[in-house]
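This report concerns only the one structure given below.
Keep in mind it's a predicted model, so treat the numbers as computed, not measured. Every heavy atom of this structure was used, including side-chain atoms; hydrogens, water molecules and symmetry mates were not.
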Amino acid sequence: MSPCVENPTYGSNWSKFSDSQKPHFVKNSDPCSHPSESAWRSHSEAEEVLESDNLWLKMRAEARKDAEDEPLLAGFLCTSVLAHKSLEGALAFQLSSKLSNCTLSSTVLYNVIKGVLLEDAEIREAIRADLRAVKERDPACVSYIHCLLNFKGFLSCQAHRVAHKLWSRGRVPLALAIQSRVSEVFAVDIHPGARIGKGVMFDHATGVVVGETAIIGNNVSILHNVTLGGTGKQGGDRHPKIGDGVLIGAGTNVLGNISIGEGAKIGAGSVVLTTVPPYTTAVGNPARLIGGKLDKTDSLAMDHTSFISEWSDYVI
């Protein structure tokens, strides 16, 4: 197999790294697993455009600074970020490295993931919206590159976007294989049939479960150990529909084909079995409405306690 290494723009420092530290991307192998030459040309053209993406340029600058501040990470940052022409290439490398195993090749995964990302403008837009959502809503996120490299909620969401595209194209076994690896590696289990909007943040993400017919809108924030599941009583369309701008607290179970209205907040540890109106707060087991109508921006502020104006039996 002939390696094809993308040219990084890391200055003279690139020569300091050994061949084992530089990423190798194989173009010519099993034609069943890799794009055609015409596809490679179109992907290359797409990357040329994405190379000048402002967010990507900022992320590269962040990676250079981190490499200067912490030389021990210079090789890692060069291989993971600076060796790639586009955010899509770096993300594909990151996901393929983490999701591969002894029987599922990182090269195969890299080519599949990168191909999907470069071919789908909506996914590319969603990736950037998700990055900004995490940076704006999570005070623990110190930079965009920190999110790309270290936030499994972000990575699991992007892996799902790829799996969902494959699922939609009828490539069901591959979509399910990616779902399985995401569940094993990140402890996040999202069925590839589920639909997810943009500007979504899975905060911490451990234990998040999303069923096949669930829909998550734009600008939604979901914390760890949240289940968007069925009731076990029916097939077909059986999972929740989450509106735009919803905030769902940690440990919450939303069960059945119900709706969580736009801008609503669900308190931590709640069990929601019926529809929640827009711009309201639901807490408890079973969940009940509490407080008054919310402002349209309340859920985006990640504020879990503003509805508590006096002593309450509810604790978050």
Side-chain angles (χ1 to χ4, degrees), residues 125-144 146-148 150-161 164 182 186-190 194-211 214-229 239-255 258-272 275-284 287 289-291 293-308 314 316:
E125 181 183 357
I127 292 168
R128 288 157 177 78
D130 293 349
L131 276 168
R132 293 188 175 95
V134 175
K135 182 67 170 61
E136 291 169 4
R137 295 179 216 159
D138 188 351
C141 183
V142 299
S143 65
Y144 292 111
H146 180 211
C147 179
L148 172 68
N150 302 318
F151 277 44
K152 69 175 185 177
F154 170 78
L155 292 171
S156 60
C157 186
Q158 308 323 309
H160 166 74
R161 296 190 188 283
H164 179 70
V182 170
F186 297 130
V188 176
D189 193 357
I190 308 175
R195 289 182 279 166
I196 298 180
K198 61 185 179 181
V200 171
M201 179 179 74
F202 293 138
D203 194 6
H204 302 291
T206 301
V208 167
V209 176
V210 181
I215 299 175
I216 299 174
N218 299 324
N219 303 315
V220 171
S221 299
I222 296 177
L223 276 77
H224 48 287
N225 288 321
V226 167
T227 295
L228 305 180
H239 296 107
K241 312 299 182 281
I242 311 300
D244 294 346
V246 167
L247 169 62
I248 303 180
T252 292
N253 294 297
V254 185
L255 305 177
I258 61 174
S259 298
I260 307 299
E262 180 180 356
K265 292 198 293 186
I266 311 299
S270 298
V271 176
V272 185
T275 290
V276 175
Y279 303 109
T280 58
T281 301
V283 301
L289 297 183
I290 186 171
K293 281 280 188 176
L294 300 172
D295 182 80
K296 289 189 176 183
T297 60
D298 279 357
S299 59
L300 297 181
M302 300 298 293
D303 183 356
H304 293 249
T305 59
S306 61
F307 60 87
I308 300 178
Y314 174 71
I316 192 163

For Val276 and Thr281: C-alpha separation, side-chain torsions, deciding distance, then whether side chain to side chain contact (heavy atoms under 4.5 Å, CB included) applies.
CA-CA 8 Å; Val276 175; Thr281 301; over 6 Å; no
Heavy-atom closest pair, residues Leu131 and Cys147:
CD2-SG, 3.7 Å
Any side-chain heavy atom of Ile196 within less than 4.5 Å of one from Ile190?
yes
Please answer whether the main-chain N or O of Ala194 pairs with a side-chain N or O of His160 as donor and acceptor at a distance below 3.5 Å.
yes
Pairwise distance CG(Leu223) to CG(Asp203) - rounded to 0.5 angstrom
4.5 Å
Please tell me if the side chains of Leu228 and Ile248 come closer than 4.5 Å, counting only heavy atoms from C-beta onward.
yes
Gln158 side, atom CD; Leu148 side, atom CG - distance, nearest 0.5 Å
9.5 Å
Would you give the length of the straight line joining atom NE2 of His239 to atom CZ of Arg195, rounded to the nearest 0.5 angstrom?
13.5 Å
Supply the atom-to-atom distance Asp189 CG to Ser156 OG, rounded to the nearest 0.5 angstrom.
10.5 Å
Atom NZ of Lys241: over 12 foreign heavy atoms under 6.0 Å:
yes
Which pairs with one or both residues in residues 219-229 pass salt bridge (charged side-chain N to carboxylate O under 4.0 Å, His left out), sequence neighbours excluded?
none
Within a strict 4.5 Å, meaning less than it, do heavy atoms of the Leu289 and Pro277 side chains meet?
yes
Validation row: Ile222, Ile216 side chains within 4.5 angstrom (heavy atoms):
yes
Within the structure provided, determine whether Asn219 and Asp244 are in side-chain contact (heavy-atom separation under 4.5 Å).
no
Mind checking the NZ-CZ spacing from Lys135 to Phe154? Nearest 0.5 Å is all I need.
14.0 Å
Examine distances only and state if a side-chain atom of Thr206 and a backbone atom of Asn225 form a donor-acceptor pair shorter than 3.5 Å.
no
Indicate the atoms forming the closest heavy-atom contact of Val188 with Ala205, along with that distance.
CG2-O, 3.3 Å
If the threshold is 4.0 Å, N to carboxylate O, is there a salt bridge linking Arg161 and Asp130?
yes
How close do Ile266 and Ser270 get, heavy atom to heavy atom, and via which atoms?
CG2-CB, 3.9 Å
What distance separates Leu247 CG from Arg137 CZ, expressed to the nearest 0.5 Å?
9.0 Å
